[in-house]
Amino acid sequence: MNLAILGATGSIGSSTLDVVSRHGGRYRIFALTANGRADALLALCRTHHPPYAVLSSAAPDAKLAAAFKECGTELLFGARALEQVASDSRVDVVMAAIVGAAGLASTLAAARAGKRVLLANKEALVMAGPLLTRAAREGGATLLPVDSEHNAVFQCLSDIKAVRRIVLTASGGPFRTSALDTLDAVTPDQACAHPNWVMGRKISVDSATMMNKGLEVIEARWLFDVPPQTIEVVIHPQSIVHSLVEYVDGSLIAQLSNPDMRVPIAHALGYPERISSGARSLDLTTMKDLTFEKPDERRFPCLRLAYSALERGGTAPAILNAANEVAVEAFLAGRLPFTGIARVIAETLAAVGAGEASSLDAVMAADNESRRAAGTRVAGLAPALSS
Ligand code: NAD
Ligand code: MG
């Protein structure tokens with residue numbers, strides 16, 4: 001099976017390569033992509049010798065291309081090359097693991113081309129749920145969830161018509177029990193120090209604000225085609241139960257494992273077969289507690305913002321997603337306090353009108369407008385930081 005890994009230098013990309021390396025011969029790496037970090041991409045090509053690699057942020061560079069050629073790899077440049085490798089007729093499986101809106105066009109291209117799409121790039125589905133699911137239907141693609149919660153739900157689903165509720169679990173992140181008046185002063189490193197998972201910095205901040213769970217509610221709405229009120233969120237600090245499905249008869253089915261992304265990645269790669277992931281067995285006898293609590297809306301205002309964008313519909317989720325990306329980037333760069341993230345998103349959602357999400361152009365226009373509006377708000381809040 002030929003595999004293209006979009007976002008190969010990231011956290012999901014490297015876990016995917018780890019699982020693949022346990023199944024010599026079953027998967028052939030056709031393409032690896034990265035945004036910058038040419039050295040990291042080159043190191044991967046020296047190990048995996050894919051026929052193609054893509055550096056999406058870079059302009060053509062003959063010296064760099066020659067270094068890749070020595071691994072038997074043709075290096076392509078620019079964002080359009082992502083769509084090219086994602087839809088290449090020789091590719092069977094696409095791991096969509098680019099972070100953020102930057103992954104939408106290539107994920108959509110893979111869906112249109114009828115690939116098996118392993119979806120980590122949740123932002124694509126948040127921005128363009130109806131477009132992406134329609135493209136998959138029409139293109140004959142299969143969307144398999146890699147996000148641990150959605151992969152868990154997928155594993156627990158048998159009769160979608162008989163589902164009473166879908167319960168997404170959330171760890172609560174690093175600030176679950178911090179005093180609320182200390183949140184203004186938390187640093188990017190504190191926000192990225194997730195108690196249970198090691199992930200890229202953007203999703204780590206999203207976990208700290210719980211916007212990650214908000215995005216996942218929207219992701220679940222489109223992946224499983226259920227109304228928003230069917231989807232609930234509970235905080236489960238141990239990150240052992242990855243999500244649950246309740247049926248009309250009252251049965252609640254859960255999927256459990258150690259928190260290790262190789263579990264959902266192996267599930268999606270092997271599906272419908274089970275293949276080994278390298279994850280440790282869960283020792284039930286050493287688990288002390290499995291606890292569940294209701295999310296506190298004052299601590300995690302982003303969760304409510306996501307539900308309201310979903311209810312508003314159209315391009316509102318794309319506006320929410322773009323404002324979040326701008327605010328998180330500003331927080332990581334020290335230009336916005338942690339608590340400013342929710343404020344920027346709320347104000348941007350109030351200021352930017354949502355329209356129909358009828359085409360990729362319409363979604364990208366909403367994304368652009370939201371980025372501009374959010375950028376203005378970040379600049380407005382910045383003086384508060386330096387005073
Ligand atoms: P990461 O930051 O570790 O890696 C991101 C990858 O995307 C890198 O290869 C980077 O080069 C590439 N990239 C970044 N910006 C790009 C751009 N503008 N154009 C093209 N490529 C770009 O991120 P990650 O933690 O691996 O997350 C990837 C996706 O998977 C995100 O959507 C995230 O929400 C989702 N996800 C991650 C985890 C996890 O455990 N890390 C779990 C569930 C879902
Ligand atoms: Mg998740």
Side-chain angles (χ1 to χ4, degrees), residues 99-104 121-129 168 170 172-175 180 183-186 188 191-192 200-222 228 231 233 295-355 357 363-385:
V99 59
L104 173 57
N121 178 221
K122 68 190 85 185
E123 294 91 346
L125 208 47
V126 169
M127 294 173 75
L168 301 180
F175 308 132
L180 286 181
L183 294 183
D184 252 342
V186 302
C192 289
R201 282 171 85 75
K202 191 264 179 181
I203 184 177
S204 296
V205 177
D206 285 350
S207 298
T209 61
M210 261 178 88
M211 179 52 92
N212 183 48
K213 214 49 52 179
L215 299 179
E216 290 182 0
V217 167
I218 303 173
E219 183 185 11
R221 188 263 170 268
W222 297 117
I231 308 162
V233 171
D296 172 357
E297 289 205 6
R298 280 173 317 149
R299 183 180 299 275
F300 300 116
C302 286
L303 191 55
R304 171 61 29 220
L305 291 173
Y307 270 105
S308 64
L310 181 56
E311 277 153 26
R312 219 163 116 197
T315 55
I319 294 166
L320 171 97
N321 178 68
N324 181 54
E325 287 190 26
V326 169
V328 170
E329 199 184 320
F331 166 67
L332 284 172
R335 290 186 282 111
L336 186 71
F338 182 74
T339 46
I341 297 174
R343 217 170 125 186
V344 166
I345 301 164
E347 291 179 10
T348 305
L349 272 171
V352 179
V363 169
M364 291 318 295
D367 174 278
N368 269 322
E369 196 185 342
S370 173
R371 278 173 203 272
R372 267 200 307 279
T376 309
R377 272 154 190 87
V378 168
L381 288 173
L385 191 64

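Computed over heavy atoms, backbone and side chain alike; hydrogens, waters and symmetry mates excluded. Not measured: the values here are computed from a predicted model.
- Between Leu305 atom CG and Ile341 atom CD1 the span is 12.0 Å, to the nearest 0.5 Å.
- Legend: salt bridge (charged side-chain N to carboxylate O under 4.0 Å, His left out) pairs involving residues 209-219, not counting sequence neighbours, sorted by first then second residue: Lys122-Glu216, Glu149-Lys213, Lys213-Glu216.
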Exercise. Evaluate side-chain contact (heavy atoms from CB on, under 4.5 Å) for Phe331 paired with Thr209, printing each intermediate quantity in order.
Key: CA-CA 12 Å; Phe331 166 67; Thr209 61; over 6 Å; no
Practice problem: Apply side-chain contact (heavy atoms from CB on, under 4.5 Å) to the pair Glu123 and Leu104, showing each step before the final yes or no. | Solution: CA-CA 7 Å; Glu123 294 91 346; Leu104 173 57; over 6 Å; no
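- Ala318 and Val363 get closest at one heavy-atom pair: CB-CG1, 4.1 Å.
- Scanning all heavy atoms of the two residues, the minimum distance from Ala323 to Ala374 falls at CA-CB, 3.9 Å.
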Practice problem: Check step by step if side-chain contact (heavy atoms from CB on, under 4.5 Å) holds for Glu369 and Thr315. | Solution: CA-CA 11 Å; Glu369 196 185 342; Thr315 55; over 6 Å; no
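- Listed by first then second residue, pairs satisfying side chain to side chain donor-acceptor pair (under 3.5 Å) with a partner in residues 320-332 read Asp206-Asn324, Asn321-Glu325, Glu325-Arg371, not counting sequence neighbours.
- How far CG of Leu180 is from CZ of Phe175: 12.0 Å, rounded to the nearest 0.5 Å.
- The backbone N or O of Ile203 lies less than 3.5 Å from a partner atom in the side chain of Ser207, making a donor-acceptor pair.
- Taking a 6.0 Å sphere around CZ of Arg343, one finds it holds 12 or fewer heavy atoms contributed by other residues, nucleotides or ligands.
- Looking at Arg221, its side chain never comes within 3.5 Å of a backbone N or O of Val217 through a donor-acceptor pair.
- Here the straight-line distance linking atom CG of Asn212 with atom CG of Leu303 works out to 10.5 Å at 0.5 Å rounding.
- Cys302 SG to Ile345 CD1: the interatomic distance, rounded to the nearest 0.5 Å, is 4.0 Å.
- Ala354 and Gly313 get closest at one heavy-atom pair: CB-O, 4.3 Å.
- Side-chain N or O atoms of Asn121 include one that pairs as donor or acceptor with a backbone N or O of Gly100 at under 3.5 Å.
- When every heavy atom of Gly353 is checked against every heavy atom of Ile319, the shortest pair comes out as O-CD1, 3.8 Å.
- Here the closest non-hydrogen pair linking Arg312 and Val352 is NH2-O, 3.1 Å.
- Atom OG1 in Thr376 sits 11.0 Å away from atom CD in Glu347 (nearest 0.5 Å).
- Nearest approach of Ala101 to Asp367, heavy atoms of both residues: CB-OD2, 3.7 Å.
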Practice problem: Please report the C-alpha distance between Met211 and Leu320 in whole Å, then the side-chain angles of each, then the deciding distance to 0.1 Å, and finally whether the side-chain contact (heavy atoms from CB on, under 4.5 Å) criterion is met. | Solution: CA-CA 10 Å; Met211 179 52 92; Leu320 171 97; 3.5 Å; yes
